[in-house]
K.L.:
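My structure is below; once you've seen it, I'll send some questions.
Residue numbering restarts at 1 for every chain, and letters A, B, ... go by the order of the sequence lines.
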There are 2 protein chains.
Amino acid sequence: MLSKKTKYGLKALTFLASQEGRTPVQISEIAKHENISQKFLESILLTLRKTGLLGSKKGKGGGYYLIKEPKDIPMTTVMRVLEGPIAMVPCVSLNFYEKCEDCPDEASCSVHKLMLQVRDSTLEVFRNNTLADLVP
Amino acid sequence: MLSKKTKYGLKALTFLASQEGRTPVQISEIAKHENISQKFLESILLTLRKTGLLGSKKGKGGGYYLIKEPKDIPMTTVMRVLEGPIAMVPCVSLNFYEKCEDCPDEASCSVHKLMLQVRDSTLEVFRNNTLADLVP
DNA sequence: TATTACCCTATCGATTTAATAGAGTAAGCA
DNA sequence: TGCTTACTCTATTAAATCGATAGGGTAATA
């Protein structure tokens, strides 16, 4: 299940991408427009800034803005920052790999085999979509 | 993230599918072979029986067994029983649809659009795999 | 009729999630 | 300079979920 954090994050990014220029947008404006708890959104935007997806400006006329062009922001990046691993199981994750405790042999694991396919097909979707594709 | 319940359920089903005949297999044997907590596995197998995927036999020589042939058990069915919705968001779920509380218009929702693609690609994987395909 | 093994309910600790509160700090403007 | 605005950070919390465990009940078979 997609977390609210990811959902809100995606909506906020899309909203920023839909702006005319790249002038800072206040948190309160984003929160209001997307029906998001402002305080919760604050922490999400902070994460996105720390990862280098967003920039921020303090003081009057401040807010958050996109650093790169929407078409240069692939969904793989966004999803990994917000949701974490794209794979449904750590043992098939590219960026967050972990061995299963149970499961003596990965190669002969039925779950592994299936989830590998799911990961690849999901990954393809995210690779084929940039932030620009999400803007209505 | 895939729940342990689903993971264990898949492993148990695969193990049953790999058996020679369709004679009942004891819970304890499955649990031991797959490194699963026996009590936890009990509840999982119970679910699978109630859904009609497994049959059970009590008493000496009892246990669980597959009712249908592995090749006639699509992964879509198994995943929906064990994991629930295949979609990452209720508003794009075929079998567990729910409207988002926020989000005034589904058609223009960026998250909706993206998650629809993910659902379709994941669904295709599950439709192309039956239990028989999981057996090593 | 005794044993085996499935069946069911209840509980529990740990973790995660979503949200809230409140204080702190930097930037811009008069 | 001083005030306002708006981002920044820490801490807390309520609720939900997950994974696991315990223990007794019951039906079927040898």
K.L.:
Distance from A:Glu83 atom CD to A:Met1 atom CE, nearest 0.5 Å?
P.N.:
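Atom-to-atom, A:Glu83:CD and A:Met1:CE are 10.5 Å apart.
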
K.L.:
Just wondering, do A:Leu82 and A:Ile44 contact through their side chains at under 4.5 Å, heavy atoms?
P.N.:
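They are in contact (side-chain heavy atoms under 4.5 Å apart), so the answer is yes.
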
K.L.:
Give the angle between the helix axes at the two ends of the helix from C:dT1-D:dA30 to C:dA30-D:dT1, taking five base pairs at each end and rounding to 10°.
P.N.:
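End-to-end axis angle: 10°.
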
K.L.:
B:Gln117 and side chain to side chain donor-acceptor pair (under 3.5 Å): which partner among A:Asn128, A:Thr122, A:Asp133, A:Asn129?
P.N.:
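Going through the options one by one, the only one that passes is A:Asn129.
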
K.L.:
Can you confirm whether A:Ile67 sits close enough to A:Arg49 that some side-chain heavy atom of one is under 4.5 Å from a side-chain heavy atom of the other?
P.N.:
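Answer no - side chains too far apart.
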
K.L.:
Is any side-chain heavy atom of B:Leu66 less than 4.5 Å from a side-chain heavy atom of B:Leu13?
P.N.:
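B:Leu66 reaches B:Leu13 side chain to side chain.
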
K.L.:
Can you tell me how far apart CD1 (B:Ile30) and CD (B:Glu42) are? Round to the nearest 0.5 Å.
P.N.:
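Result: 10.5 Å between the selected atoms.
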
K.L.:
Given atom OH of B:Tyr8 and atom C1' of D:dG19, what is their separation to the nearest angstrom?
P.N.:
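That distance rounds to 8 Å.
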
K.L.:
Within this structure, what is the OH-to-P distance between A:Tyr65 and D:dA6, rounded to whole angstrom?
P.N.:
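It is 16 Å, rounded to the nearest whole Å.
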
K.L.:
Does A:Lys5 or A:Gly59 map to a spot on DNA chain C nearer the 5' end, using the closest nucleotide for each?
P.N.:
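Nearer the 5' end of the strand: A:Lys5.
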
K.L.:
Going by number, which of residues 27-50 of chain B have a non-hydrogen atom under 4.0 Å from DNA chain D?
P.N.:
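Correct list: B:Ser37, B:Lys39, B:Phe40.
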
K.L.:
Any non-hydrogen side-chain atom of B:Tyr8 less than 4.5 Å from a side-chain atom of A:Asp102?
P.N.:
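A side-chain contact under 4.5 Å exists here.
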
K.L.:
Is there side-chain contact between B:Cys103 and B:His112, with at least one heavy-atom pair below 4.5 Å?
P.N.:
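With C-beta onward as the side chain, the pair stays apart.
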
K.L.:
Let me know the distance between NZ of B:Lys4 and C1' of D:dT21, rounded to the nearest Å.
P.N.:
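So the two atoms are 16 Å apart, to the nearest Å.
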
K.L.:
Please tell me if the side chains of B:Glu29 and B:Phe15 come closer than 4.5 Å, counting only heavy atoms from C-beta onward.
P.N.:
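Counting from C-beta outward, B:Glu29 and B:Phe15 do come under 4.5 Å.
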
K.L.:
Do other residues, nucleotides or ligands put more than 12 heavy atoms under 6.0 Å from the CD atom of A:Glu124?
P.N.:
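Open.
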
K.L.:
Could you list where the contact with chain A starts and ends along DNA chain C, reading 5' to 3', using a 4.0 Å heavy-atom cut-off?
P.N.:
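Extent of the interface on DNA chain C: C:dA18 to C:dG28.
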
K.L.:
Side-chain contact, heavy-atom cut-off 4.5 Å: A:Met75 with A:Thr130?
P.N.:
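In short, these two side chains do not touch, never coming nearer than 4.5 Å.
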
K.L.:
Would one find a side-chain N or O of B:Ser3 under 4.0 angstrom from OP1 or OP2 of D:dT17?
P.N.:
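So the side-chain polar atoms of B:Ser3 never come under 4.0 Å of the phosphate oxygens OP1 or OP2 of D:dT17.
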
